[in-house]
Structures are given as C-alpha cells and as structure tokens.
There are 2 protein chains.
Amino acid sequence: MSLADVEPVETLSRPALAVELTDRLRTLIMEGELKPGEKIPERLLTERFGVSRTPVREAVKVLAAEGLVMLVQNRGAVVSELTVAELEEVFPVLAALEGLVGELAALHATTQEIDDIRRLNNEMHRAFDRGDRPNYFEINQQIHAAMLAAARNPTLAQHHQIVARRASRARYQANLTPERWAEAMEEHDAIQRAFEARESKKLGALMKAHMEHKLRSLAPAIAAKSGGG
Amino acid sequence: MSLADVEPVETLSRPALAVELTDRLRTLIMEGELKPGEKIPERLLTERFGVSRTPVREAVKVLAAEGLVMLVQNRGAVVSELTVAELEEVFPVLAALEGLVGELAALHATTQEIDDIRRLNNEMHRAFDRGDRPNYFEINQQIHAAMLAAARNPTLAQHHQIVARRASRARYQANLTPERWAEAMEEHDAIQRAFEARESKKLGALMKAHMEHKLRSLAPAIAAKSGGG
DNA sequence: CAATTGGATTATGAATTCATTATTCGTGTC
DNA sequence: GACACGAATAATGAATTCATAATCCAATTG
C-alpha cells in the first residue's frame with residue numbers, strides 16, 4: 001500500500017474558527033448558558049473565545065439561518081425566544097420529519113441496525129423500570145439518532161437536527177408525568193414492532209404521532225412555567 | 001393621531017448588504033446563472049456587486065447553511081450538485097413537509113383562502129386545457145404559496161422554502177409528460193376537495209403523495225439528462 | 001420636576017490589511 | 001518525456017481599521 005492510497009487526514013488542519021465558533025455558540029444556547037431573549041454582543045464572544053469579530057459574525061449569521069438567534073439591523077443578535085406559540089409551531093414540523101425518518105428507516109435499515117435499536121429499546125425499558133429519568137432520556141436520544149442514521153438521508157438529517165435543536169431546549173426543561181412516561185413507553189414498543197416488521201408507512205405514522213403526543217404533554221408545563229415566572 | 005402612534009418605517013434604512021447579497025446570490029443560483037458544480041470565487045462576487053469581501057463571505061455562509069452551496073476548507077464555495085441521488089434525498093423531505101402544509105392548512109385556512117385557492121385551481125384547469133405549461137407552472141406555484149400561508153406556521157414555511165428551492169432547480173428543467181400532467185390535475189382536484197371538506201389528515205396524505213409522484217416522474221428525466229451529457 | 005434634545009459613548013456594518021493555505025508553473029532529474 | 005520538487009502566484013481565513021447607526025446620559029427648558 002503506497003502513501004498515494006491514503007485518505008487525506010482532516011485532523012492535521014484544525015477546522016475553521018467560524019465553524020468551531022458556530023458549534024460552541026450553539027452548545028452555549030442549547031445548554032441554556034445563553035438564555036432565550038438574551039442579547040449577545042459581539043464583544044462578549046470575541047473576549048470569551050479570544051478571536052476577532054470576523055469569524056464571530058459569520059457564526060452568528062449561520063445560527064440565525066438555523067433559527068437559534070434573531071438578528072436585528074444594527075442592533076445585533078438575540079437568542080430566540082421559546083414561547084408556547086413557538087413550540088406549537090416547531091413540534092408539528094419535527095413530527096412530520098420524524099414520520100419520514102420512520103418511513104425511510106423501515107426501508108433502509110440493516111438487520112444489524114434493527115437489532116441494535118432493539119437492544120437500546122430493552123435498555124430503555126430497564127431505565128423506565130428503575131425510574132431513572134436521565135438514563136431514559138439519554139437512551140431515547142440514542143434511539144432517535146440511530147433511527148435517523150438508518151434513514152440514510154443527509155438532507156432529512158440536517159433539517160431534523162435544526163428543528164430538533166430548537167425544540168429540545170424545551171424538552172430538557174419540561175417534566176415528564178408518570179402517566180405520560182408509561183404511555184411513551186408503549187408507543188416506543190409499538191414503534192419497535194413496526195420497525196422490525198419493516199412496515200414503513202405504519203412506522204412513519206407512529207413516530208409522527210409519538211412526537212405530537214410529546215408536544216401535547218409538554219405544552220401545559222411550558223405554559224405554566226412562562227406564566228408562573 | 002400623533003406621530004407617536006406611527007409605525008416605524010423600515011424603508012428608510014436599506015437592508016444590510018449581507019442580506020441583499022444573500023438574496024441576489026440565491027437568485028443567481030436558482031435561475032441557473034451559477035450552475036451546479038461551478039466554483040464561486042469571492043473576488044468574482046465582490047466585483048460583480050461592488051462590495052468588499054466581508055458581506056460576501058457572510059452571505060455565502062448563509063447559503064451554505066441552506067444547502068445551496070458547499071464550502072470546502074481554504075478552497076471556497078461551490079454551487080451544490082443536483083444529482084439524481086440528491087433529488088431522491090430532497091424530495092421525500094419536501095413531501096413530508098408538504099403533507100404537514102396540507103394538514104395545517106385544512107385546520108387554519110379561512111373560508112376566504114379556500115375560495116381563493118379554488119379559483120386558482122379553476123384557472124389552472126383552464127391552463128391545462130389550453131396546454132399552457134408556463135401558466136400552469138405559475139399558478140401551481142401560487143397555489144402552493146397560498147396553502148403555505150394558510151398553514152400559519154413560519155417555521156414550516158422556512159424549512160419548506162429552503163428544501164423547495166433546492167428541488168425547484170430540477171423542477172423547472174424537467175419536462176412534464178402529458179400522462180403525468182393529466183394525473184397531476186386529478187391529484188390537484190382531489191386535494192382541493194379534501195381542502196374544502198377540511199379533512200386535515202387526508203389532505204396531508206394527498207399532498208405528500210402528490211409530491212412523491214412528482215419525484216417519480218422527474219427522476220428518469222433527470223437521470224437521462226445527466227447520463228446523456 | 002418631567003420631558004426633550006444634543007452630544008458622548010458604544011455597538012454594529014463594511015472595507016482594508018495581514019497571514020496562511022492552495023494552486024500554478026517552471027525547472028531539474030531519472 | 002514523465003514525474004517530482006520548489007518557487008511564484010492567487011485564493012481563502014482572520015484581524016484590524018474605518019464608517020455609521022443606536023444607546024446612554026447630562027443639560028436645558030417648559
């Protein structure tokens with residue numbers, strides 16, 4: 001094997017600052033360190049990350065395109081709000097995309113992938129039985145990610161990610177009632193069954209409905225939080 | 001009425017160069033003046049629009065986030081390709097979103113809007129009878145836009161637009177066979193009926209299927225074009 | 001004392017300059 | 001003559017500088 005056959009190594013050249021910044025800024029917003037409604041002066045970011053304004057501005061533009069921040073002419077960037085109205089706007093879109101994830105995953109997943117997801121599903125059941133919420137959420141995320149990968153559609157993945165990021169800030173905050181949790185587990189099982197049977201349309205419909213139910217259980221909690229303080 | 005009650009006028013301050021540039025660049029790509037695979041050196045754009053590289057770079061970053069161009073480290077921007085594989089990736093996403101447009105439009109449209117769209121549908125029929133393709137496409141677009149507006153969901157509108165733009169470059173190129181055209185008209189009528197009955201789920205399913213059929217009629221034509229030259 | 005106005009300050013928008021990475025082209029060697 | 005090496009050129013990445021709009025604050029006026 002000659003050196004000419006070796007794939008170019010990306011690791012040698014570190015990613016562009018703008019890309020790096022976009023990721024880190026996104027994380028700051030996602031983890032709530034930058035809160036909805038908060039203004040983000042460029043100076044703050046240049047100091048925090050030790051870079052000039054140029055890459056900062058490029059990163060902010062991208063985040064604006066993703067809907068995580070709002071840009072106002074000559075007044076800079078503000079972290080997007082997360083009102084109930086916003087959620088009711090975002091979740092149906094996420095549900096529609098989730099439905100497609102299911103349809104495509106049923107068509108394109110390898111048996112290996114279906115197996116892996118079954119294992120995750122079992123693990124999630126054990127977390128549920130223990131009442132271990134952090135672990136449940138963690139595995140839940142993994143299942144979604146695995147499904148998305150199995151769908152084999154980068155465009156879908158991209159848009160799903162962008163919408164999911166906007167929604168997930170709420171998902172982490174909101175509390176899960178025992179009733180809704182049990183319901184969700186049943187839905188997950190039905191999803192897994194359709195998946196293993198490769199019933200594309202059915203799986204799509206189930207996953208779409210699952211996400212819609214999630215909104216319905218979340219909205220009141222968010223509304224209470226906004227109203228209460 | 002005092003001056004304090006007057007809404008601030010946006011027209012006085014012209015939009016930021018970066019925004020303006022983003023729109024115009026997008027148009028150039030959409031209309032095919034910048035072709036898929038073509039490199040877009042920054043210098044070219046600064047000369048064409050008479051601005052510095054700073055706003056150009058910001059605009060390109062946004063277009064990359066939208067998927068219209070690809071960015072390669074230290075090698076600039078390239079107009080995204082439009083292969084059959086790409087189309088088969090983009091269309092299902094568009095179909096899923098289109099389905100949601102239907103569901104929501106059925107729920108939220110005013111009777112006025114339904115009426116307007118019925119009129120457009122009738123007009124489209126006349127264009128079909130005349131065999132007037134440009135007019136047919138034009139009205140078709142208007143119907144889609146009206147449906148999107150009736151859905152009352154800005155997030156959906158945003159993602160729909162982004163995905164539709166990627167797809168539409170193909171849509172204009174491809175030729176419509178008489179058979180497919182007649183079929184499409186029937187689908188449109190079914191869509192209109194479900195719309196007027198406000199059958200949300202059914203309308204969603206019909207619009208999703210309509211888009212999926214469109215892909216199936218387009219893909220061979222695109223494949224032939226790619227293969228032939 | 002409240003409200004408005006004008007200047008000072010600060011932030012963003014855009015252009016320019018500097019640094020680093022690709023690309024091109026010519027030379028030399030096998 | 002083909003390939004490899006290296007200097008010259010041109011592109012992009014990032015920082016700095018300049019211009020302009022928004023905000024803040026004090027002074028003035030009713």
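Predicted model, so just to flag it, every value in this text is computed and none were measured. Hydrogens, waters and symmetry mates are skipped; everything else that's a heavy atom, side chains included, is used. So you know, we letter chains A, B, ... as the sequences are listed, proteins then strands, and number each from 1.
Shortest non-hydrogen contact noted between M207(B) and G102(B) is SD-CA, 3.4 Å. The heavy-atom pair separating A18(B) from A59(B) by the smallest distance is O-CB, 3.8 Å. Residues A105(A) and F195(A) approach most closely at O-CE1, 3.5 Å, considering heavy atoms.
Under 4.0 angstrom from either OP1 or OP2 of dT23(C) there lies at least one side-chain N or O belonging to R75(B).
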N/O contacts under 3.5 Å, protein versus nucleotides 6-9 of chain C?
none

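For the contact set between residues 53-60 of chain A and DNA chain C, defined by any heavy atom under 4.0 Å, the members are R53(A), R57(A).
Take the nearest nucleotide of DNA chain D for A77(B) and for S52(A): the residue whose nucleotide is more 5' is A77(B).
Here the side chains of H144(B) and E98(B) are in contact, with some heavy-atom distance below 4.5 Å. Residues H159(A) and I162(B) form a side-chain contact, since some pair of their non-hydrogen atoms from C-beta on lies under 4.5 Å apart. Contact of the L156(B) side chain with the V101(B) side chain is registered, since non-hydrogen atoms from C-beta on lie closer than 4.5 Å.
Taking atom CG on L71(B) and atom P on dA11(D), their separation rounds to 17 Å, with Å as the unit. Here dA14(C) presents its P atom at 7 Å from CD of Q73(A), a figure rounded to the nearest Å. Protein atom CD of E42(B) is 10 Å distant from nucleotide atom P of dA11(D), rounded to whole Å. Straight-line distance from the NZ atom of K39(A) to the C1' atom of dT12(C): 11 Å, rounded to whole Å. Separating the NZ atom of K61(B) from the P atom of dA14(C) is a distance of 16 Å, rounded to the nearest angstrom. N74(A) places its CG atom 7 Å from the P atom of dA21(D), with the value rounded to the nearest Å. When rounded to the nearest whole Å, the span between CG of L45(A) and P of dA15(D) equals 13 Å. Rounded to an integer number of Å, the gap from E47(B) CD to dA11(D) C1' is 13 Å.
A donor-acceptor contact shorter than 3.5 Å links the side chain of Q158(A) to the backbone of A65(B). A donor-acceptor contact shorter than 3.5 Å links the side chain of E38(A) to the backbone of K35(A). Remark: the backbone N or O of S200(B) is not paired with any side-chain donor or acceptor of E103(B) at under 3.5 angstrom.
If you check dT12(D), dA15(D), dA14(C) against the side chain of L17(A), the one that comes closest is dA15(D). Between dA14(C), dT12(D), dA15(D), one nucleotide has an atom nearer to the side chain of A16(B) than all others, and that is dA14(C).
Aromatic ring centres of H188(B) and H210(B) lie closer together than 6.0 Å.
Rounded to the nearest 0.5 angstrom, L63(B) CG and R26(B) CZ are separated by 6.0 Å.
The bend of the helix from dC1(C)-dG30(D) to dC30(C)-dG1(D), defined by the angle between the axes of its first five and last five pairs, stands at 10° to the nearest 10°.
Under 3.5 Å, the side chains of E113(B) and H108(B) contain no donor-acceptor pair of N or O atoms.
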